[in-house]
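One structure below.
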There are 2 protein chains.
Amino acid sequence: MARSASAMRGQILESALRLFAVHGFRGTSLQDIASDAGCSKASLLYHFAGKEKLLTELLVPAQDALAALLDRVAGLKGDRLVEETVVGYVDLTLRFRREIRLLFEDITEMSCHQDLNVMELADGLLDALAGRSQHPPARVAAWMALGAVFITGATDDEVAPDEVLRTEMIRSALRTLDHTPS
Amino acid sequence: MARSASAMRGQILESALRLFAVHGFRGTSLQDIASDAGCSKASLLYHFAGKEKLLTELLVPAQDALAALLDRVAGLKGDRLVEETVVGYVDLTLRFRREIRLLFEDITEMSCHQDLNVMELADGLLDALAGRSQHPPARVAAWMALGAVFITGATDDEVAPDEVLRTEMIRSALRTLDHTPS
DNA sequence: GTCAGGACTGACCGATCGGACAGTTATGGT
DNA sequence: ACCATAACTGTCCGATCGGTCAGTCCTGAC
């Protein structure tokens, strides 16, 4: 083998994630990724069955982490539910910044993707943020908090050091949800 | 003339806005727009110099409205500044829902567009939402409010009647900014 | 009626895309 | 040393894209 297979795979994934996050899924060609990773387009397609599969493999970890969060807060209620969800969600967006940015670029692409069920997970997250309430004001506030964290996480501006950013995102989101800190 | 020229132009703009909002700029071909508008692709390119020009014409009104808002709050300070900016911004997102959705689909496309200066205007909006403060917590909260309204406005879910939606968006955004209602 | 010009179109072009495939190179087990 | 096979590549393909252009159709002014 010319190189370790897993090393090349990792390099391709790294290049793909970075380029997707900047130029979007449609805006990045397989040739772009291959050139950045230092291999041929044909080699890329040897490691990954197709462009879609590449996308899937990039987003599955973030998806699983979100699913795990939703599972973890499934049994909670009231203040605990909202607090844990917000903190977990903020941490996820900071941990998967580039994936969020990629998701941000091509939402429609993902929403009709078979292997990814972003919309279903988003619904679950929305539900938890709203404290399981169906009350319109609570639902609107939940949408606001969801969007706020999402976009702030996707921003590459160095608006604040990471720890300050995290703390303030959590505090802001809780305020958005009209959650009086305990 | 086969039809009134301005009528055909309007029909094309309408189709383009709707399709762009759903599938994004890159995800919508000139043929798609032409078919939806009921004319040929060549006819579309007779009315509009190119795909980019079509995009520009669609976004200029929203851009001008945002610029007008920023101009209107330029002389304000403190609570009045934040309140007027939030209310104006929320109203803009609701008035230009589909334009927001289009912007949401292809942010990078717009940010490096010569005829559009979205990023500059976004900076101005961010500054006003932060109450002209450079304090990191205020900047983070401003980003959160900006994103919250943006995404909630772009959502097509009928989460609440428009008037309720407007009121709750304003209240949530003000809470995000830690603005105690007067 | 006729004629100038705006409205419109089918056919075509070059570029680029994702992907297929046969063939080549390098490697590790024996 | 040898060979099966994993790793890799150059080249080609069909589809689709934005855009051009010569020419057609229609309408209103005269």
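Computed from a predicted model, the values in this text were never measured in an experiment. Labels below follow one simple rule: chain letters A, B, ... track the order of the sequence lines, proteins then strands, and each chain is numbered from 1.
- S29(A) comes within 4.0 angstrom of sugar-phosphate atoms only, judged by non-hydrogen atoms across all strands, and of no base.
- Here the side chain of K41(B) is nearest to one of dG19(C), dA6(D), dG19(D), namely dG19(D).
- Screening D123(B), N117(B), V118(B), L116(B) for a side-chain contact (heavy atoms from CB on, under 4.5 Å) involving E120(B) leaves a single residue, N117(B).
- For dC8(D), the OP1/OP2 oxygens have a side-chain nitrogen or oxygen of H47(A) closer than 4.0 Å.
- Closest to the side chain of A42(B), out of dA7(D), dG10(D), dT20(D), is dT20(D).
- What separates CZ of R26(A) from C1' of dC17(C) is a distance of 12 Å, to the nearest Å.
- In this model, a donor atom of one side chain and an acceptor atom of the other lie less than 3.5 Å apart for S35(B) and Q31(B).
- Side-chain N/O atoms of Y46(A) include none lying less than 4.0 angstrom from OP1 or OP2 on dC8(D).
- For K51(B), the listed nucleotide lying nearest its side chain is dG18(D); candidates were dC8(D), dG10(C), dG18(D).
- Backbone-only engagement by L30(B) is indicated by non-hydrogen atom pairs under 4.0 Å involving sugar-phosphate atoms exclusively.
- Between S43(A) and the phosphate of dT9(D), there is a side-chain N or O to OP1/OP2 separation shorter than 4.0 Å.
- The aromatic rings of F104(B) and F104(A) stand perpendicular to each other, their planes meeting at an angle above 60°, with 30° marking the opposite boundary.
- In this structure, a donor-acceptor pair under 3.5 Å is absent between the side chains of R9(A) and S6(A).
- The nearest whole Å value for the distance from the CD atom in E52(A) to the P atom in dC17(C) is 16 Å.
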